[in-house]
Participant: 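Below is a structure I'd like to ask you about.
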Amino acid sequence: MKQYQLDIEQKGWITNELIHLLSEVAVTRVYREKEMIYQQEEEAKRCYYLKKGEVRIFVTSEDGNEKTIAVYKKPRLFGEAAFFDEHPRTTTAIATKQSEILVICKENMLQCFQKEPNLAWSVMSALSQTVRMLSRQINQISFLDAKKRLTQFLIEEYEQGNTVIRHTQEELGTMLGVSRITISREVREMKQRGILEAQYRSLKIQNINKLREDLEKSS
């Protein structure tokens with residue numbers, strides 16, 4: 001049996017070896033822009049791997065309000081929590097642009113694990129990253145003001161190797177639980193101080209030291 005080095009990527013990505021094996025047995029489907037991938041409260045018979053495109057994960061309240069949990073723009077596993085615990089889904093996933101997605105059923109996953117059991121660790125890492133992301137969001141919404149939420153988010157992204165934040169200000173607002181106007185104000189102030197550089201539908205972190213100093217001062 002091969003002893004794979006589990007060089008897990010950022011944000012819950014899984015190893016290339018597992019993706020290669022899954023691609024041999026699972027179906028790759030192209031989802032159109034605004035097409036639903038799965039819906040809140042439905043039975044989770046599949047999980048998914050975003051190969052190309054963009055996916056928004058959100059929850060809907062009883063009165064119809066939506067809260068964005070995450071926007072995925074890089075290759076990664078998603079929809080895995082309900083898939084593994086066999087409970088109804090707690091979120092909805094929609095393709096926000098045309099996306100190429102690997103659709104994985106239980107039989108596909110078991111085939112891969114039977115062939116290379118060590119690769120199960122990469123899926124466990126993906127699950128752990130999802131739990132960490134949700135814990136961070138709960139902490140931010142419960143205890144941090146808008147400036148601290150944005151500062152901490154940017155630092156965590158930078159530490160994961162993402163110097164360019166590929167989210168619009170509206171997306172950042174929904175992810176961090178604050179208004180777009182508030183995000184716009186904080187981003188403008190950071191741009192004036194040379195911390196951020198505005199790019200098309202994204203932000204580039206230019207001075208991580210100032211961000212860390214700001215977070216330390218506010219603690």
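Please read all numbers here as calculations on a predicted model, not as lab measurements.
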Participant: Can you tell if the side chain of F58 reaches within under 4.5 Å of the side chain of T91, non-hydrogen atoms only?
Facilitator: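 Contact flag for F58/T91 side chains = no.
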Participant: Does a donor on one side chain sit under 3.5 Å from an acceptor on the other, for E197 and Q206?
Facilitator: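 The criterion, which ignores hydrogens and geometry beyond distance, is satisfied for Q206 and E197.
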Participant: Would you please say whether a donor-acceptor pair under 3.5 Å links the side chains of E54 and T96?
Facilitator: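 Yes, because at least one side-chain N or O of E54 sits under 3.5 Å from a partner of the opposite role on T96.
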Participant: Inspect the contact between E66 and R56 and indicate whether a charged nitrogen and a carboxylate oxygen are less than 4.0 angstrom apart.
Facilitator: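 Counted as a salt bridge, because a side-chain N and a carboxylate O are separated by less than 4.0 Å.
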Participant: Mind checking whether S179 and T182 have side chains closer than 4.5 Å, heavy atoms only?
Facilitator: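 Yes, close enough: below the 4.5 Å cut-off.
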Participant: Under 4.0 Å between a Lys/Arg side-chain N and an Asp/Glu carboxylate O for E35 and R29?
Facilitator: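 Looking at R29 together with E35, the answer is yes, because their closest N to O distance falls below 4.0 Å.
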Participant: Considering the options Y31, F83, Y48, which one meets the ring pair (Phe, Tyr, Trp, His ring centres under 6.0 Å) requirement together with Y38?
Facilitator: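 Exactly one option meets the ring pair (Phe, Tyr, Trp, His ring centres under 6.0 Å) with Y38, and it is Y48.
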Participant: May I have the step-by-step check of side-chain contact (heavy atoms from CB on, under 4.5 Å) for Y49 and E100, ending in yes or no?
Facilitator: CA-CA 9 Å; Y49 184 81; E100 187 176 330; over 6 Å; no
Participant: For a 4.5 angstrom cut-off between non-hydrogen side-chain atoms, does S202 reach I165?
Facilitator: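 The answer is no; the side chains never approach within 4.5 Å.
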Participant: Yes or no on side-chain contact (heavy atoms from CB on, under 4.5 Å) for V187 and L150, after CA distance, side-chain angles and deciding distance?
Facilitator: CA-CA 9 Å; V187 166; L150 179 59; 4.2 Å; yes
Participant: Looking at R185 and E189, is any side-chain nitrogen of the basic one under 4.0 Å from a carboxylate oxygen of the acidic one?
Facilitator: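 No, this pair does not count.
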Participant: Check whether any side-chain heavy atom of K51 lies under 4.5 Å from a side-chain heavy atom of T28, and answer yes or no.
Facilitator: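 Yes, side chains in contact.
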Participant: Between S99 and V30, does a side-chain contact (heavy atoms from CB on, under 4.5 Å) hold up when you go through it step by step?
Facilitator: CA-CA 6 Å; S99 300; V30 175; over 6 Å; no
Participant: Under the 3.5 angstrom rule, does the side chain of H20 hit a backbone N or O of L18 as a donor-acceptor pair?
Facilitator: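 It does not hold such a pair.
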Participant: Carefully, step by step, assess M190 and L154 under the rule side-chain contact (heavy atoms from CB on, under 4.5 Å).
Facilitator: CA-CA 11 Å; M190 289 182 180; L154 293 172; 3.8 Å; yes
Participant: Can you tell me how far CG of L22 sits from CD1 of I104, rounded to the nearest 0.5 angstrom?
Facilitator: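 Spacing of CD1 (I104) from CG (L22) equals 4.5 Å.
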Participant: Determine whether the side chains of D63 and N65 contain a donor N or O and an acceptor N or O closer than 3.5 Å.
Facilitator: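 N65 and D63 do have a side-chain donor-acceptor pair below 3.5 Å.
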Participant: Do NZ/NE/NH1/NH2 and the carboxylate oxygens of E86 and K106 come within less than 4.0 Å?
Facilitator: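 So E86 pairs with K106 through a salt bridge.
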Participant: Kindly check if the number of other-residue, nucleotide or ligand heavy atoms within 6.0 Å of CZ (R166) is above 12?
Facilitator: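 No, CZ of R166 has 12 or fewer neighbouring heavy atoms, counting only those of other groups under 6.0 Å.
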Participant: Kindly give the heavy-atom pair with the smallest separation between D214 and I195, and that separation in Å.
Facilitator: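 The pair with the smallest heavy-atom distance is OD2-CD1, 3.8 Å.
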Participant: If you look at every heavy atom in L77 and C47, which pair is closest and at what distance?
Facilitator: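 Of all heavy-atom pairs spanning L77 and C47, the closest is CD1-SG, 4.1 Å.
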Participant: Show the numbers, then the answer: is there a salt bridge (Lys or Arg N to Asp or Glu O under 4.0 Å) between E170 and R201?
Facilitator: CA-CA 10 Å; E170 184 173 359; R201 296 178 64 85; over 6 Å; no
Participant: Give, for atom CD of E159 and atom CD1 of I205, the distance between the pair rounded to the nearest 0.5 Å.
Facilitator: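 If we round to the nearest 0.5 Å, E159:CD and I205:CD1 are 9.5 Å apart.
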Participant: With rounding to the nearest 0.5 Å, note down the distance linking CZ in F78 to CD1 in I37.
Facilitator: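 Separation between the atoms: 4.0 Å.
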Participant: Just wondering, do I155 and I208 contact through their side chains at under 4.5 Å, heavy atoms?
Facilitator: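 Heavy-atom side-chain distance check passes, below 4.5 Å.
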Participant: Looking at every non-hydrogen atom in both residues, tell me the closest pair between V178 and A146 and how far apart they are.
Facilitator: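 Answer, listing the atom of V178 first, then A146: CG1-CB, 3.8 Å.
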Participant: Which distance, rounded to the nearest 0.5 Å, do you find between the NE2 of H167 and the CG of N162?
Facilitator: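 That separation rounds to 8.5 Å.
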Participant: Does R46 reach the main-chain N or O of V103 with its side chain, forming a donor-acceptor pair under 3.5 Å?
Facilitator: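 Checked: no pair found.
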Participant: Side chains of I57 and T92: closer than 4.5 Å at any heavy-atom pair?
Facilitator: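 Of all side-chain heavy-atom pairs linking T92 with I57, none is under 4.5 Å.
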Participant: With a cut-off of 6.0 Å (strictly less than), are more than 12 heavy atoms of other residues, nucleotides or ligands near CZ of R193?
Facilitator: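 Above 12, so yes.
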Participant: Is the shortest side-chain N to carboxylate O distance from K148 to E186 below 4.0 Å?
Facilitator: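 Looking at E186 together with K148, the answer is no, because their closest N to O distance does not fall below 4.0 Å.
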Participant: Does the side chain of L50 come within less than 4.5 Å of L102's, by heavy atoms?
Facilitator: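 No, their side chains stay 4.5 Å or more apart.
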Participant: Specify the closest pair of heavy atoms between G79 and R89, including all atoms of both residues, with the distance to one decimal.
Facilitator: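 Between these two residues, the closest heavy atoms are O-NH1, 3.1 Å.
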Participant: Please determine whether residues L21 and F113 belong to a single hydrophobic cluster, defined as Ile, Leu, Val, Met, Phe, Trp and Tyr linked transitively by side-chain heavy-atom distances below 4.5 Å.
Facilitator: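 They do share one cluster, since a chain of ILVMFWY contacts under 4.5 Å joins L21 to F113.
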Participant: Counting neighbours of CD on E42 that are heavy atoms of other residues, nucleotides or ligands and sit closer than 6.0 Å, is the number greater than 12?
Facilitator: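 Atom CD in E42 is packed in, count exceeds 12.
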Participant: Would you say Q40 has more than 12 foreign heavy atoms packed within less than 6.0 Å of its CD?
Facilitator: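 Count over threshold, so yes.
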Participant: Can you name the nearest heavy-atom pair linking C112 to V25, along with the distance?
Facilitator: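 Shortest heavy-atom contact: SG-CG2, 4.2 Å.
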Participant: Does some side-chain heavy atom of Y158 sit less than 4.5 Å from a side-chain heavy atom of L211?
Facilitator: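 No, side chains not in contact.
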Participant: Looking at CD of E43 and NZ of K45, how far apart are the two atoms once the value is rounded to the nearest 0.5 Å?
Facilitator: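 Rounded to the nearest 0.5 Å, the CD-NZ separation comes to 5.0 Å.
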Participant: Rounded to the nearest 0.5 Å, how far apart are OH of Y72 and CD1 of I101?
Facilitator: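 Reported to 0.5 Å precision, the distance equals 12.0 Å.
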